[in-house]
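As structure tokens, the structure follows; a few thoughts come after it.
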Amino acid sequence: MSDEGYDHATVERRWQEAWDDADVYRTPDDVDDPTYVLGMYPYPSGKLHMGHVRNYTITDAYARYRRMQGDDVLHPMGWDAFGLPAENAAKERDTNPRDWTFDCIETMTDQMESMGFGYDWEREITTCTPEYYQWNQWLFSRFHEEGLVERRDAEVNWCPECETVLADEQVEGDDELCWRCDTPVEQRELEQWFLKITEYADELLEAIDDLEGWPNSVRQMQRNWIGRQYGTELDFEIGGYGSVEAFTTRVDTIHGATFFALAPDHPISEELAEEDDDVRHFIEHEADPDGDEPNGVETGLTATNPVTGDEIPVYVADFVLSDVGTGALMAVPGHDERDHAFAEKMGIEIKPVIAPEPDDWDGETVPDAPDVSEDAFTDDGVLINSGEYSGLDSETARERLTEDIDSAEKATQYQLRDWGISRQRYWGTPIPVIHCDDCGPVMVPEEDLPVELPEFINTTGNPLDAAEEWKATTCPDCGSPATRETDTMDTFVDSSWYFLRYVSPGSEEVPFDLERANDWMPVDQYVGGIEHAVMHLLYSRFFTKVLADHEGLEHREPFTNLLAQGMVQLEGEKMSKSKGNVVSPQRIVEDYGADTARLFMMQAAQPERDFDWSEEGVRSTYAFLTRLQGMVEDYVADEPDGDDDAIASYVDAEIDATIAIASGEYDDLTFNKALRETQDLVRTLRQYADYTEPHAETYERGLSAVVRLLAPVTPHLAEELYDELGGDGFVADADWPTAEIDRDRVAKRRRLVENTREDIRDIVEVAGIEDPQAIDVVIAPDWKYDALEIAIESDADNLIGELMQQSHIRQQGDAAADYGQDLQAEREALTMSLEPDAEYEALEAAAWLIEREFEAPVDVVRADEADDSVLKNAEPGRPAIEIED
RNA sequence: GCGAGGGUAGCCAAGCGGUCAACGGCGGCGGACUCAAGAUCCGCUCGUGUAGACGUUCGUGGGUUCGAUUCCCUCCCCUCGCACCA
């Protein structure tokens, strides 16, 4: 396989060293508003996988493209270096997380260099260093000062395998599995640190509308996650227990509330459990919040409907969740499916109070009740059986009832919860707090930051808890003996602002240089996996907003354009170690080179789509590069001296077309299309050289354009070939090729040529012409172009009449009338063709393609040199064809 | 159930009101080159057709339009996210 190809190893090594020596990818601090291109930084697991390669090839190609377009570019890389796997690996290998992590970083850095990724390594950041994580601590203190940190008892998700707390976002699926290890998650009550992201819920939600550079899927996922709902909070009196608050979005159905339900862990349920055996038994043994079946137990209590005064039975039910709404609800089985199911099961009354709005409703008449015995009617409609509210529409009734009921208030509920950042693990940022018996939890003063991690202790629980010496300290407030907080921060804290740190990675006084951040931010193009759609991308938005409000950052959103890249699959399946269907990037680089791997990936599919890895595809990509290399070599070794003829002009026009199209596609990050065009041009150039002695200047211009168009994706070979062609400096710094041509004309010209060739093939085939002797291609007369233009612009009913007003058209007599009829028939679909001269030139330039294919001389003929009988078939955009056999 | 994105010729996949029987790739067929194979190059790949035509096609069934693969609605199917959410 690879022994047939070019010497990629030598080429790649040579240019990697040359780039390194010349510091090609450095972004100086004094550049003005660079284009900021960023890939989500990796967790240093030890090896680059195909997902990384794809992700970073996308950003690298785009960064290189922008640089060649003349932009200053910021394209940094760093390491999401804290996290549990390092701890586990350290235990397995009897080392410590720090050494293991830095080993991994070293390996992965080498792999990234071997892929040819052009990063400014001077800006590298590593989150597990005190130089970085001190700023997590500093930010935590700042958040605390601004009232955005809270410590409270919380029922938390606990993973017994990882021995740590998980955020809601880290619990996956119906089975509630840990996102890292797929262990079922348990619930525990612990004192936890929270960042109050809910304070920003409204802005985080509303600003999504303006994130036009983000994929809809991600925007929608964030909207769902925040889950804002407008409704009403109101009190129900429960005999003996006072008033209980319930939340409802459908207060218009309150006259149909036939029972009241409490969550099993609602305070009243817990109180009841102490005296009522049935309730206790239900809560402890029967309640199954995860089951499909709604279960419940009657309490014997009643609640008073604040509108009707009715006494309705109170149940403890497992379908009521304490963290949704208020953990207590008024149940309306007539108009809520879940309440309906429960009422049916328990034999509770089902009462319709909303009717579908009749089509011809007058706005007053009270319609007939719907049948809700089998199914609830859950849409809005018109109130019935609702006393003075009957006859109102749902919307109005909700307003009125919320006003009229004493205890009722408009309320907004969110699904978004505050962000619990406490983790009971070692390898993370220590939360900078000291616990004092007298003063309680006290922030570590800024001058004492960072709180550095102690040496790793290999133990089953939290190593920080075992670090006795480290734990013992004194209270910053009162000076008495005190202990350090042993929780560390969720690593998503690190990644919520790392994109700001790249701006000034060495800052010792501040987390980031504010002035530069204001100039350089936001990230223009962010690229990463869809798995971060909610967590990382939502937290980063939150941090950015807090920093805007309290630290003078002048941007409220971190990422202008977001690309969620697709997966690299093998036979339609996600590559994964457990399935054993992994293709190693390292092996591909060894066998075919980084350029081949990069080019294959970028041309295989649009970046956001999944695609299948194919060894066959890799081989043909490699063959393509080898061929290209040969073409350049041959050209340089023996420069051709062909004429600047029609064929050269065809090739020249194709070069322009390719540049124009490929540039547009690079702008849109649709590398696959840009590369397809570029590869087409290579084929055109080869055909050219095969067919005739090329015109040196034209041919070289083509090769040079190809090399530069490929340079963002295959940087090493592009450097090599650019050098061979005599380019100055690095192709990485070269100017992007330019073409003064618009895509519309390109498309028209190509279509004309392609249609003409197809027509000739059709004729040869259908007419059974074995061996064509000569082919004439005849351009339509000028008057037809004029007629076409008139037909397009005219809105007259009688097109023929309109045409005949032109004397030079009228002179054509029957021919004009015939063509006028044709135009009339297709009137609405007409589009302007190229001008006659442009058509002549395009076909003349493409004649060699036809001659080559049919092995017959081709004559492109102007209308005034042709017979009238032939001209009959010629139209603008469609020359007449005469084949002699 | 809700939401988002999809369903295009043997397969993958573009197009997203007329230039569309529908770009491109793979696979298949034929041809050139070669002693041969590979690579490369040139065609063909819905049906019919002895001069560029016609017919039937873009999940299903309707609709809008002079005209729909492209816009609207119904239904079916796929993928992803959320979900006993009050």
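In what follows, chains are A, B, ... by sequence order, proteins preceding strands, each numbered from 1. All of these numbers come straight from a predicted model, not from anything done at the bench.
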At under 4.0 Å, does any side-chain N or O of [X] touch on OP1 or OP2 of [N]?
X: A/N216; N: B/rG5; answer: yes
X: A/Q606; N: B/rA14; answer: yes
X: A/R761; N: B/rG43; answer: yes
X: A/K673; N: B/rG15; answer: yes
X: A/R219; N: B/rA4; answer: no
X: A/R686; N: B/rU40; answer: no
X: A/R609; N: B/rA14; answer: yes

Which whole-number value in Å describes the distance from [X] [atom1] to [N] [atom2]?
X: A/E765; N: B/rA21; atom1: CD; atom2: P; result: 18 Å
X: A/R852; N: B/rU40; atom1: CZ; atom2: P; result: 16 Å
X: A/Q569; N: B/rC11; atom1: CD; atom2: P; result: 18 Å
X: A/H532; N: B/rG81; atom1: NE2; atom2: P; result: 14 Å
X: A/F600; N: B/rG25; atom1: CZ; atom2: C1'; result: 11 Å
X: A/K345; N: B/rC84; atom1: NZ; atom2: C1'; result: 12 Å

So, do A/T198 and A/Y414 sit near enough that their side-chain heavy atoms are less than 4.5 Å apart?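 Not touching, per the 4.5 Å side-chain cut-off.
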
Whether the side chain of A/R683 and the base of B/rC41 hold a donor-acceptor pair under 3.5 Å is what I'd like checked.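 Answer no: no donor N or O sits under 3.5 Å from an acceptor.
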
Can you say whether a donor on the side chain of A/D762 sits under 3.5 Å from an acceptor on the base of B/rG52, or the other way round?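 Side chain to base: no pair present.
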
When the [atom1] atoms of [M] and [N] are compared, how many Å lie between them, rounded to an integer?
N: B/rG7; M: B/rG59; atom1: C1'; answer: 6 Å
N: B/rA13; M: B/rA9; atom1: C1'; answer: 12 Å
N: B/rG18; M: B/rG3; atom1: C1'; answer: 35 Å
N: B/rC58; M: B/rA39; atom1: P; answer: 36 Å
N: B/rG15; M: B/rA83; atom1: P; answer: 33 Å
N: B/rA37; M: B/rA32; atom1: C1'; answer: 16 Å
N: B/rC71; M: B/rU45; atom1: P; answer: 28 Å
N: B/rU69; M: B/rG17; atom1: P; answer: 13 Å

[Y] versus [X], side-chain donor and acceptor atoms under 3.5 Å:
X: A/Q415; Y: A/R228; answer: no
X: A/T670; Y: A/E665; answer: yes
X: A/E615; Y: A/Y592; answer: yes
X: A/E839; Y: A/Y785; answer: yes
X: A/T402; Y: A/T232; answer: yes

Which part of the nucleic acid does [X] contact within heavy-atom distance under 4.0 Å: base, sugar-phosphate only, or nothing?
X: A/D339; answer: nothing
X: A/G325; answer: base
X: A/R757; answer: sugar-phosphate
X: A/D288; answer: base
X: A/R827; answer: nothing
X: A/E293; answer: base
X: A/E828; answer: base
X: A/V320; answer: base
X: A/P879; answer: base
X: A/L830; answer: nothing

Side chain of [X], heavy atoms from C-beta onward: which of [options] has the nearest atom to it?
X: A/L321; options: B/rC42, B/rA86, B/rA51; value: B/rA86
X: A/A767; options: B/rC85, B/rU50, B/rG3; value: B/rU50
X: A/N224; options: B/rG81, B/rA83, B/rC66; value: B/rG81
X: A/R878; options: B/rC20, B/rC41, B/rA53; value: B/rA53
X: A/N873; options: B/rG24, B/rG52, B/rU40; value: B/rG52
X: A/D759; options: B/rC42, B/rC85, B/rG52; value: B/rG52
X: A/S217; options: B/rA4, B/rA86, B/rG18; value: B/rA4
X: A/Q415; options: B/rC85, B/rC23, B/rC84; value: B/rC85
X: A/I881; options: B/rG52, B/rC85, B/rC42; value: B/rG52
X: A/Q229; options: B/rA4, B/rA86, B/rC41; value: B/rA86

Just name whichever nucleotide pairs with [N], Watson-Crick or G-U, keeping both distances under 3.5 Å, else none.
N: B/rG61; result: B/rC73
N: B/rG10; result: B/rC26
N: B/rG81; result: B/rC2
N: B/rC20; result: none
N: B/rG52; result: none
N: B/rC35; result: none

Let me confirm one number: the CD1-CD distance from A/I779 to A/E875, rounded to the nearest 0.5 Å.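 Reported value, rounded in 0.5 Å steps: 13.0 Å.
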
For the pair A/D762 and A/R757, find out whether any cationic side-chain nitrogen is under 4.0 Å from an anionic carboxylate oxygen.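 No, this pair does not count.
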
Check: A/Y622 ring centre within less than 6.0 Å of A/F600 ring centre: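 Ring-ring flag for A/Y622/A/F600: false, centres at least 6.0 Å apart.
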
Quick check, are the ring centers of A/F260 and A/Y315 under 6.0 angstrom apart?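 For A/F260 and A/Y315, the ring centres are not under 6.0 Å apart.
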
